[in-house]
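Read through the structure below, which is laid out as structure tokens, and then see the notes.
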Amino acid sequence: MMDTGGKKIKIQAPKGTKDVLPDESYKWQALEAALRESAELFGYGEIRFPVFEHTELFLRGIGDTTDVVQKEMYTFEDKGGRSITLRPEGTASVVRALNERGLASQAMPLKCYYIAPNFRYEKPQAGRLRQHHQFGAECFGAEGPGADAELIALAWFFLKRLGLSDGVALNINSIGCPECRPVYHTALRDYFSGKKAEVCGTCLDRLERNPLRILDCKNPDCAAVAAGAPKGIDYLCSECDTHFSSLRAELDAMGIPYELDPMIVRGLDYYTRTVFEFVCDRLGAQKTVCGGGRYDGLVSELGGPPTPALGFGSGLERLLLAREALGLEFDRPEPCELYIAALGPGADGEAAALCLRLRERGLRVERDLCGRGLKAQMKYADKLGAKYVIVLGDDEIARREAYLKRMDTGEASPCGLDAGEIYEAINK
RNA sequence: GUGGGUAUAGCUCAGUUGGUUAGAGCACCAGAUUGUGGCUCUGGGGGCCGACGGUUCAAAUCCGUUUAUCCACCCCA
């Protein structure tokens, strides 16, 4: 709320954005800590990159026929006349950054992760925002199915660590490579061309642009037609087929449960071979909590050396929603350990100094900053969950001694007004 | 971009067939014999009833428009 010439107007957060205030940020911190630890256990190092990029990067990287590029990007011209876009997803930026640094000279495999905001001009709904945050992991230089298995294992690992393994299911598919996919596309086109009357308008459009997407249409009529469509798995070339079955064997060996889902089609054009998603069915319509796959062609598409690669993205907001749906809570932050109630202006300096000395020793200490009376300060200390309280008045300062009161039992014992002594008394 | 629901205090919501100065609970602040929290009691601050326009003697209430929000489609994390 701000006052502009007598009229109060409310300025609210832009559509599709969310604030995280201190009473909730501990959840984000705990979530992020779990994600970072998981990534690092798997040998992934953090990468940081800008929030905006040249628009061209996403046009080439994501594919200019995708919905993300066609209608969801925050694109603008900067003062230098460059076309700039707020990053709608992380993979293109990672590839760009690594190419720029000379990917070919890096030790392979190169594994990195990020936790970063993405921006898409969408119509918000449950689990879908215009600014959302993703945990992403990308692995470069590993062609074999072991990399796919390890990446999926990482996703499985952090989801389990977050307590979501029971609420989440893994679906995998292989959409083939530039060798075998055209064969399948042709088969799909042949199939759907004979059924044009039975599918919806957008699917007719998809038939031209990307017939794979028809398989994913939620329209019941289209789904019925799609059910009889040729299966991509039957058209994989022998290399892709071997890759996919080896991946499944490794997942089986690790005991990671999954379903084969021929309907999985990722909406980003760069995927090849393995695609997968973890879905939480307690989550409403936007229930994919982690999705990714292999993108062997992207690095060279963006000007780098031909490099096999794969990765996933996982939405932090959805992870938090999933935990909430399952009734899981995060530990609250440590409460205040000591509250110093100062009485009268003479005590303020003493209280300020004690607070600083004790904070230097690593203690969470608070004191009155609002000029409140003793009773109000005690109430506030209680609200903070303070474990101890010291009342500092002229008397105590003159005697250099005060009572250290335990808030849970109410008992108080004398304690000298010395940071060291107070610290010892609290930590004994 | 398409469709539906909802807009009253910081939060959760009441508000009778249109009728005086718009309510409760929680939260916040201050008191209940001068320096000690939780329980209880009392009091207080805080809303132009989302915004604009219309009908009416009279609108939080009826009508229209708009904005926001929620949910679904599309797409995605």
Side-chain angles (χ1 to χ4, degrees), chain A residues 1 6-18 21 23 62 65-72 88-91 115-136 155 200-203 205-206 210 213 216-220 222 264-268 277-280 283-292 311-322 339 341-344 347 370-396 402-403 405-412:
Chain A
M1 204 89 107
K7 170 134 183 162
K8 283 184 178 176
I9 59 168
K10 280 182 186 168
I11 296 182
Q12 37 191 200
K15 191 179 187 124
T17 65
K18 287 248 192 297
L21 300 188
D23 61 353
I62 301 174
T65 63
T66 58
D67 276 17
V68 169
V69 167
Q70 281 194 330
K71 46 190 200 193
E72 294 180 354
E89 60 101 47
T91 302
I115 294 175
N118 290 336
F119 306 86
R120 292 179 200 171
Y121 193 83
E122 307 225 39
K123 191 149 172 185
Q125 71 187 72
R128 197 176 69 184
L129 297 164
R130 290 187 171 180
Q131 175 175 349
H132 78 278
H133 298 77
Q134 263 186 46
F135 167 57
C200 69
T202 45
C203 280
D205 189 41
R206 287 172 171 136
N210 189 348
R213 301 250 188 98
D216 212 24
C217 188
K218 304 291 189 295
N219 182 309
C222 302
I264 299 182
V265 179
R266 314 255 75 227
L268 308 176
E277 55 189 29
F278 288 85
V279 297
C280 175
L283 232 43
Q286 312 303 322
K287 56 188 180 185
T288 299
V289 98
C290 176
F312 65 68
S314 180
L316 269 63
E317 285 85 356
R318 289 188 191 172
L319 291 173
L320 290 173
L321 286 173
Y339 183 89
L343 286 180
C370 295
R372 282 191 267 236
L374 179 61
K375 193 158 188 160
Q377 291 193 57
M378 291 302 293
K379 284 191 175 186
Y380 181 63
D382 188 51
K383 244 171 273 179
L384 288 178
K387 292 182 189 131
Y388 292 90
V389 166
I390 283 178
V391 177
L392 261 193
D394 295 341
D395 213 36
E396 286 82 359
Y403 283 95
K405 176 174 178 173
R406 276 190 59 152
M407 291 295 274
D408 54 354
T409 63
E411 63 186 274

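Heavy atoms only: backbone and side chains are in, while hydrogens, waters and symmetry mates are out. Here is the naming used below: chain letters follow the sequence lines, and residue numbers restart at 1 for every chain.
Atom C1' of B/C62 sits at a distance of 10 Å from the matching atom of B/U56, rounded to the whole Å. Taking atom P on both B/A59 and B/A72, the two are 39 Å apart, rounded to the nearest angstrom. On the P atoms, B/A68 is 44 Å away from B/G31, given to the nearest whole Å. Taking the C1' atoms as reference points, B/G47 lies 33 Å from B/G3, given to the whole Å. The C1' atoms of B/A30 and B/U17 are separated by 43 Å, rounded to the nearest whole Å. Comparing B/C49 with B/U6, their C1' atoms are spaced 14 Å from each other, to the whole Å.
Look at CG on A/Asp67: it is 15 Å from P on B/U2, rounded to the nearest Å. With rounding to whole Å, A/Tyr388 atom OH is found 19 Å from B/G37 atom P. If you measure from atom CD1 of A/Ile264 to atom C1' of B/A77, you get 14 Å, rounded to the nearest angstrom. Remark: P of B/G1 and CZ of A/Arg130 are 8 Å apart, rounded to the nearest angstrom. A/Gln377 has its CD atom 15 Å from the C1' atom of B/C29, to the nearest Å. Counting to the nearest Å, the P atom of B/G10 and the CD atom of A/Gln12 are 13 Å from each other. In this structure, A/Lys71 atom NZ and B/C73 atom C1' are separated by 11 Å, rounded to whole Å. Separating the CD atom of A/Gln286 from the P atom of B/C70 is a distance of 13 Å, rounded to the nearest angstrom.
Between A/Arg372 and B/C29 there is a side-chain polar atom (N or O) within less than 4.0 angstrom of OP1 or OP2. Taking only side-chain nitrogens and oxygens, A/Lys375 never comes nearer than 4.0 Å to OP1 or OP2 of B/U34. Residue A/Lys123 has no polar side-chain atom (N or O) positioned under 4.0 Å from OP1 or OP2 of B/C71. Taking side-chain N and O atoms only, A/Lys18 has a distance below 4.0 Å to OP1 or OP2 of B/C70. OP1 or OP2 of B/C70 has not a single side-chain nitrogen or oxygen of A/Gln125 nearer than 4.0 Å.
Set against B/A77, B/G35, B/C29, the side chain of A/Arg128 has B/A77 as its closest nucleotide. Proximity note for A/Asp382 (side chain, C-beta onward) versus B/A77, B/G37, B/G35: the nearest is B/G37. Comparing B/A77, B/G31, B/A72 by their nearest atom to the side chain of A/His132 picks out B/A77. For A/Lys383, taking side-chain heavy atoms from C-beta onward, the closest of the listed nucleotides B/A77, B/C29, B/G37 is B/C29.
The SG atom of A/Cys280 sits 9.5 Å away from atom CG of A/Leu319, with the distance rounded to the nearest 0.5 Å. Atom CD of residue A/Glu411 and atom NZ of residue A/Lys405 lie 11.0 Å apart, to the nearest 0.5 angstrom.
Between A/Pro14 and A/Leu316, the residue anchored nearer the 5' end of RNA chain B, judged by the nucleotide with its closest heavy atom, is A/Pro14. Each of A/Gly373 and A/Val389 was assigned the nucleotide of RNA chain B with the nearest heavy atom; the assignment lying further toward the 5' end belongs to A/Gly373.
Of all nucleotides present, none satisfies the Watson-Crick or G-U wobble test against B/C39 with each distance under 3.5 Å. Base pairing analysis places B/C62 opposite B/G54; the two distances defining the Watson-Crick or G-U wobble pair are each below 3.5 Å. With a cut-off of 3.5 Å on both pairing distances, the Watson-Crick or G-U wobble partner of B/G3 is B/C71.
Scanning all heavy atoms of the two residues, the minimum distance from A/Leu129 to A/Gly16 falls at CB-O, 3.3 Å. Here the closest non-hydrogen pair linking A/Gln286 and A/Ala126 is CG-O, 3.0 Å.
Checking side-chain atoms of A/Arg372 against main-chain N and O of A/Gln377 turns up no donor-acceptor pair under 3.5 Å.
Counting atom types as modelled, A/Glu396 pairs a side-chain N or O with a base atom of B/G35 as donor and acceptor under 3.5 Å. Counting atom types as modelled, A/Lys379 pairs no side-chain N or O with a base atom of B/G38 as donor and acceptor under 3.5 Å.
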